[in-house]
Amino acid sequence: MSAEGEDAPNAAQMASPSYRLAALDPDFILDDSMRGVRFMMEYAKAEQALRAWGVRSTIVVFGSARIGENGDGQHGRWYAEARAFGRLASERGGAMHGADGHPRDNVIATGGGPGIMGAANRGAADIGAPSVGFNITLPEEQEPNPWSTPELTFRFHYFAMRKMHLAMRANALVVFPGGFGTFDELFELLTLRQTRKSPAIPIVLFDRAYWSSVINFEVLAKHGMIAPTDVDLVGYADDAEGVWSELLRRGLRPGCAIGA
């Protein structure tokens, strides 16, 4: 009788969870003690794919997931301009490179969800350019939009690792109107800029009227909560061409990586 048969004297040992190969043991991998390993895996998986596609730098686009193509009021215009920006930035920034090992620069990268994120990914897809979607697992499941490049569409458990990937290749940040999530992401990057923990990437807020009505940077400076020079960390634009011009004015270099 085989040593692996039901009546083998080592059947209990063979069936024990402790005998599973560690890499193939979901109970072990998902245990609290392996949180650091899972964190590292979320970094490595996305990093490997981005390198394989030659993505050297990105332009990160944030904005509300609640804004639709045919939305009421300003929503439809915001969506259309985000889509137009995704297209023109992909055309002019270097995302269409990649042949013969040439790196891709200023590739559109979003949170991977619907709304403004989908619009920016869609603009890149309109001209056949790759774009990145850094999605996140939420209690109310957020599925990826259908326009980010499938091989560059990632799903994260940890917000911190998702934010790290959004920031680490960013050549620029463009922020369309949004709510709590958009504010969180905007102030994450502003804090990195203010504290000089990131390169001096340009940050442009779309629709000055919206942003001036919801955040008053001048009042923060007046009360001494930020330095007067911190107000200049952001620029404003009111259409896709204006965003691109403001990024260039603030130092974006098409076809170049951060600090190149």
Side-chain angles (χ1 to χ4, degrees), residues 57-67 73-75 77-78 81-82 84-86 88-89 92-93 105-111 115-117 119-120 134 159-260:
S57 64
T58 61
I59 294 177
V60 174
V61 179
F62 292 146
S64 176
R66 303 183 182 196
I67 292 173
Q74 292 276 25
H75 285 205
R77 184 179 76 85
W78 291 336
E81 292 294 340
F85 177 74
L88 72 85
R92 303 173 190 177
D105 284 308
N106 302 312
V107 175
I108 292 293
T110 77
I116 290 295
M117 297 174 282
F134 293 113
F159 266 110
M161 184 51 67
R162 179 189 188 228
K163 287 181 177 180
M164 180 175 171
H165 270 295
L166 279 162
M168 64 184 294
R169 280 182 167 81
N171 255 356
L173 171 64
V174 179
V175 189
F176 282 76
F180 288 170
T182 302
F183 278 45
D184 176 52
E185 292 155 339
L186 167 61
F187 281 102
E188 180 89 12
L189 269 295
L190 277 176
T191 301
L192 291 174
R193 280 292 320 275
Q194 181 195 52
T195 57
R196 300 181 183 178
K197 286 290 188 178
S198 77
I201 64 171
I203 299 173
V204 176
L205 308 184
F206 185 89
D207 196 329
R208 180 188 285 269
Y210 174 84
W211 287 106
S212 297
S213 70
V214 297
I215 302 175
N216 196 322
F217 292 107
E218 286 76 13
V219 170
L220 288 172
K222 178 182 177 181
H223 286 287
M225 300 300 125
I226 61 175
T229 53
D230 290 338
V231 175
D232 297 326
L233 290 175
V234 299
Y236 299 89
D238 292 308
D239 57 40
E241 285 286 352
V243 173
W244 183 250
S245 296
E246 184 68 6
L247 290 176
L248 295 178
R249 190 181 75 79
R250 287 175 170 270
L252 179 71
R253 296 177 61 191
C256 290
I258 305 162

Heavy-atom closest pair, residues Arg66 and His75: O-ND1, 4.1 Å

Asp239 meets the salt bridge (Lys or Arg N to Asp or Glu O under 4.0 Å) criterion, sequence neighbours left out, with none

Distance in Å, Thr191 OG1 paired with Lys197 NZ, rounded so as to fall on 0.5 Å steps: 12.5 Å

Approximate separation, where rounding is to 0.5 Å, of Asn171 CG and Leu173 CG: 11.5 Å

Minimum heavy-atom distance between Ile67 and Pro177, given as atom pair plus value: CD1-O, 3.7 Å

First locate atom CD of Glu185, then atom CZ of Phe62, and finally report the distance between them rounded to the nearest 0.5 Å. 4.5 Å

Is any side-chain heavy atom of Phe217 less than 4.5 Å from a side-chain heavy atom of Asp230? no

Distance, nearest 0.5 Å, that separates CH2 of Trp244 from CG of Leu252: 5.0 Å

Locate the shortest heavy-atom distance separating Glu81 from Ala240; write the atom from each residue and the value. OE1-N, 2.8 Å

From His223 NE2 over to Glu218 CD, what is the distance, rounded to the nearest 0.5 angstrom? 12.0 Å

Determine whether Val107 and Arg169 satisfy the following criterion, side-chain contact (heavy atoms from CB on, under 4.5 Å), listing intermediate values before the conclusion. CA-CA 9 Å; Val107 175; Arg169 280 182 167 81; over 6 Å; no

Using salt bridge (Lys or Arg N to Asp or Glu O under 4.0 Å) as the criterion, list what pairs up with Arg250, not counting sequence neighbours. Glu246

How long is the span from the CD1 atom in Ile116 to the OG1 atom in Thr182, to the nearest 0.5 Å? 8.5 Å

With a 4.0 Å cut-off on N to O distance, would you call Asp105 and Arg253 a salt bridge? no

Listed partners of Thr110 passing side chain to side chain donor-acceptor pair (under 3.5 Å), at least two apart: Asn121

Applying salt bridge (Lys or Arg N to Asp or Glu O under 4.0 Å), name anything that partners Glu241, two or more places apart in sequence or on another chain. Arg92

Say whether, by atom type as modelled, one donor and one acceptor occur between the side chain of Arg162 and the main chain of Gly111 under 3.5 angstrom. yes

With a 4.5 Å heavy-atom cut-off, do Ile59 and Phe85 have their side chains touching? yes

Minimum heavy-atom separation for Ala89 to Ile108, with atom names? CB-CD1, 4.0 Å

Distance-only donor-acceptor hits, side chain of residues 199-210, under 3.5 Å, sequence neighbours excluded:
residue, atom, partner, partner atom, Å
Asp207, OD1, Ala209, N, 3.2
Asp207, OD1, Tyr210, N, 3.2
Asp207, OD2, Arg77, NH2, 3.0
Asp207, OD2, Trp78, NE1, 2.8
Tyr210, OH, Gly178, O, 2.7

Quick check: closest heavy atoms across Leu189 and Ala167, and the distance to 0.1 Å? CD1-CB, 4.3 Å

Can you sort out the partners of Phe183 under ring-ring contact (aromatic ring centres under 6.0 Å, His included), two or more places apart, ordered by chain and number? Trp211

